[in-house]
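Heavy atoms only: backbone and side chains are in, while hydrogens, waters and symmetry mates are out. Counting begins at 1 with the first residue of the sequence.
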Amino acid sequence: MTSSTKIQDGGWGWVIVAASFMAQLLAYGSPQSVGILYPEWLHTYQEGKGMTAWVGSLVAGVGLIASPVCSACVDNFGARPVTIFSGVMVAGGLMLSAFAPNVQFLIFSYGIVVGLGCGLVYAATLTITCQYFDKRRGLALGIVTTGTSVGAFIYATAQNELIVLFGLDGCLLIIGAIALNLMACAGFMRALDMPGYYLKQKAALERNTEEQFFMKPPLDDLKITTGTTTTTQEKALSVKELLITIDAKDLSIQTEKKEGSRVGSAIMKAIKKKQKAYSTYMNSMCEILQDQSMVAFCIAIFLFSLGAFPPVLFIEDVAQSEGLIEEVSIIPLVSIGAIATCIGKLALGVLVDIRWINSIYLYAFTMFAGGTALLLIPITKSYLGLQILTATVGFFSGNWSLTSYITTKIVGLDRLTQAHGILMFFGGFGIMLGPPVVGWFFDWTQSYDLAFYFSGSCVLLGAFILSFLSLPCWNRKDAEISKPGIQYTSNCEKVASVA
């Protein structure tokens with residue numbers, strides 16, 4: 001314990017920050033700038049915009065919806081193995097996409113495989129960062145999470161140039177090869193605490209080793225045959241290999257030593273304990289969803305994701321469809337939106353720390369401003385105006401940095417894990433539905449006008465619902481809960497679930 005506390009807030013922790021920043025940049029660079037690839041996929045596969053949009057929506061939404069699974073993987077196996085595995089998934093998915101024969105295969109290779117890999121990277125980098133930082137955790141997390149926006153800014157221009165030089169297939173192969181550097185980033189992620197899986201194996205090894213002192217193992221288990229001589233070191237090695245078993249085998253060994261009735265009662269006790277834990281978890285989830293402000297925030301997150309994410313995917317195609325530009329410019333619209341999002345995250349994070357600013361109303365204001373900008377996109381007839389509106393939407397899309405703060409204010413720090421899991425599910429569901437819906441609107445009307453009117457209306461509706469249901473008159477509590485100071489917990493399971 002003392003060694004881990006000395007390491008925190010400095011030293012190797014800043015190496016962890018740099019490695020995590022680069023990991024997020026490498027993983028999210030292509031998915032966050034998928035709008036560059038979208039027009040190329042349309043020309044290559046000649047599918048409808050709604051069907052092709054599933055690729056970009058899944059790569060962004062799958063990681064959010066699967067965040068509880070990603071967090072469990074990090075908690076059990078550690079950040080380094082998970083990041084290595086995610087590097088294989090992201091790189092493999094990108095390279096497979098270069099050989100995709102149709103959009104359906106692309107939905108699997110780019111949308112699902114790369115999306116799950118990105119979710120694993122996000123959970124692993126946030127968890128390992130929190131292990132190394134306590135007092136400066138907010139600064140460290142802020143630096144790490146900006147890797148997604150910086151990656152989108154760089155990859156948008158890089159993918160555009162690679163497509164011109166090597167074609168779409170060559171671009172995906174090169175980007176996939178670059179993503180293999182995620183495994184190099186994982187090499188720096190030295191864990192302070194042993195992950196849960198290794199703790200179980202260590203406990204099983206120690207428990208069974210003690211039994212070996214009092215019980216001579218069978219001759220067959222030690223792999224000793226007559227006529228051969230083995231040294232003491234070889235015997236010890238075979239015993240150690242034998243003792244590292246899975247939990248199911250360990251349970252069977254223990255049950256063989258007990259009487260039948262005692263075994264049955266122990267199993268029933270374990271089952272009841274699991275059922276009680278699950279029922280307690282479900283009751284806590286129901287209590288969270290009974291909070292009116294929490295329900296309003298979930299609806300707002302869903303509507304904002306449904307309306308504000310499609311511009312990331314469609315904005316380049318909008319400019320080309322309206323004849324505002326013949327091909328993607330040197331600094332694409334996706335890059336402008338990405339750098340604006342990075343600035344928005346930092347600016348809104350500073351504003352929310354001001355005592356007299358209500359974080360919920362600040363979030364509602366960002367939704368109102370972003371929705372208004374979306375409604376203005378169809379009536380914009382110049383490329384400069386489209387650049388300004390893209391930057392505006394990108395800046396206010398930085399309100400994702402406010403979600404943990406608002407969630408803590410509504411449900412408290414103890415329920416942050418479960419509440420954020422619910423929010424990320426709603427957000428991921430909205431991101432998955434948004435681009436296909438906008439694409440179907442275009443396929444139906446052959447114009448993006450109605451699609452962006454729909455997107456802007458969804459965002460404005462979410463802002464109205466959040467503002468109306470969060471009014472003080474709806475609060476039936478006797479005393480208002482004072483605005484809590486954000487205290488980042490050292491429990492890395494909570495932080496992993498926030499990812």
Side-chain angles (χ1 to χ4, degrees), residues 31-32 34-35 38 49-50 52-61 64-65 152 295-319 321 333-334 336-338 340-341 344-345 348 360 362-380 386 388-403 406 423-445 447-469:
Q32 289 292 321
V34 70
Y38 179 74
K49 294 182 185 292
T52 311
W54 275 109
V55 182
S57 63
L58 284 173
V59 74
L64 290 177
I65 293 179
V295 173
F297 195 37
C298 289
I299 296 173
I301 287 282
F302 170 74
L303 291 175
F304 183 81
S305 302
L306 182 67
F309 179 72
V312 177
L313 183 61
F314 291 101
I315 197 65
E316 297 292 347
D317 192 53
V318 170
S321 300
L333 294 172
V334 176
I336 296 174
T341 302
K345 288 179 180 179
L348 294 174
I360 296 179
L362 177 62
Y363 192 91
F365 172 76
T366 61
M367 293 184 66
F368 177 80
T372 304
L374 287 171
L375 292 177
L376 294 176
I377 289 178
I379 63 176
T380 303
L386 203 58
I388 295 174
L389 291 177
T390 301
T392 303
V393 175
F395 178 85
F396 290 110
S397 296
N399 59 8
W400 277 95
S401 62
L402 305 178
T403 53
I406 297 174
L423 284 176
M424 292 303 102
F425 174 81
F426 278 93
F429 193 58
I431 288 175
M432 287 179 59
L433 289 181
V437 170
V438 171
W440 290 330
F441 270 115
F442 184 91
D443 294 337
W444 178 37
T445 63
S447 174
Y448 280 110
D449 293 352
L450 187 60
F452 278 93
Y453 287 141
F454 170 78
S455 297
S457 300
C458 286
V459 176
L460 290 178
L461 178 62
F464 173 76
I465 292 175
L466 181 61
S467 301
F468 181 72
L469 294 182

A.B. asks: Looking at side-chain heavy atoms only, is the closest gap between Trp440 and Asp443 below 4.5 Å?
C.D. replies: yes
A.B. asks: With sequence neighbours left out, what residues match Ile336 under side-chain contact (heavy atoms from CB on, under 4.5 Å)?
C.D. replies: Ile331, Leu333, Gln387, Ala391
A.B. asks: Can you name the one residue among Leu303, Thr372, Ile465 that meets side chain to side chain contact (heavy atoms under 4.5 Å, CB included) with Leu460?
C.D. replies: Thr372
A.B. asks: Is any side-chain heavy atom of Asn399 less than 4.5 Å from a side-chain heavy atom of Phe304?
C.D. replies: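 They are in side-chain contact.
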A.B. asks: How many angstroms lie between atom CE of Met367 and atom CG of Leu362, to the nearest 0.5 angstrom?
C.D. replies: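 Taking CE in Met367 and CG in Leu362, the distance rounds to 12.5 Å.
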A.B. asks: Are Tyr363 and Phe297 close enough, and set up right, to give a ring-ring contact (aromatic ring centres under 6.0 Å, His included), and what steps lead you there?
C.D. replies: CA-CA 10 Å; Tyr363 192 91; Phe297 195 37; 5.2 Å; yes
A.B. asks: Under 6.0 Å between ring centres: does that hold for Tyr448 and Phe441?
C.D. replies: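 No: the rings miss the under 6.0 Å criterion.
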A.B. asks: Just by modelled atom types, is the Gly394 backbone N or O under 3.5 Å from a matching donor or acceptor in the Thr341 side chain?
C.D. replies: yes
A.B. asks: Has Ser305 got a side-chain atom pairing as donor or acceptor with Ile431's backbone, closer than 3.5 angstrom?
C.D. replies: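 Here the side-chain-to-backbone pair does not exist.
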A.B. asks: From Ile65 CD1 over to Leu58 CG, what is the distance, rounded to the nearest 0.5 angstrom?
C.D. replies: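 The CD1 atom of Ile65 sits 8.5 Å away from the CG atom of Leu58.
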A.B. asks: If you count every heavy atom of other residues, nucleotides or ligands that lies below 6.0 Å from Tyr453 atom OH, does the total exceed 12?
C.D. replies: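 Atom OH in Tyr453 is crowded, with more than 12 foreign heavy atoms closer than 6.0 Å.
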A.B. asks: With side chain to side chain contact (heavy atoms under 4.5 Å, CB included) as the criterion, how do Ile315 and Leu386 come out once you've worked through the C-alpha distance, each side chain's angles and the decisive distance to 0.1 Å?
C.D. replies: CA-CA 9 Å; Ile315 197 65; Leu386 203 58; 4.0 Å; yes
A.B. asks: Could you walk me through whether Ile360 and Leu466 pass the side chain to side chain contact (heavy atoms under 4.5 Å, CB included) test, one step at a time?
C.D. replies: CA-CA 8 Å; Ile360 296 179; Leu466 181 61; 3.9 Å; yes
A.B. asks: Check whether Ser455 reaches the backbone of Phe452 with its side chain - one donor and one acceptor, N or O, closer than 3.5 Å.
C.D. replies: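 Answer holds: no.
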A.B. asks: Could you tell me if the side chain of Leu423 sits less than 4.5 Å from the side chain of Cys298, heavy atoms only?
C.D. replies: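 Counting from C-beta outward, Cys298 and Leu423 do come under 4.5 Å.
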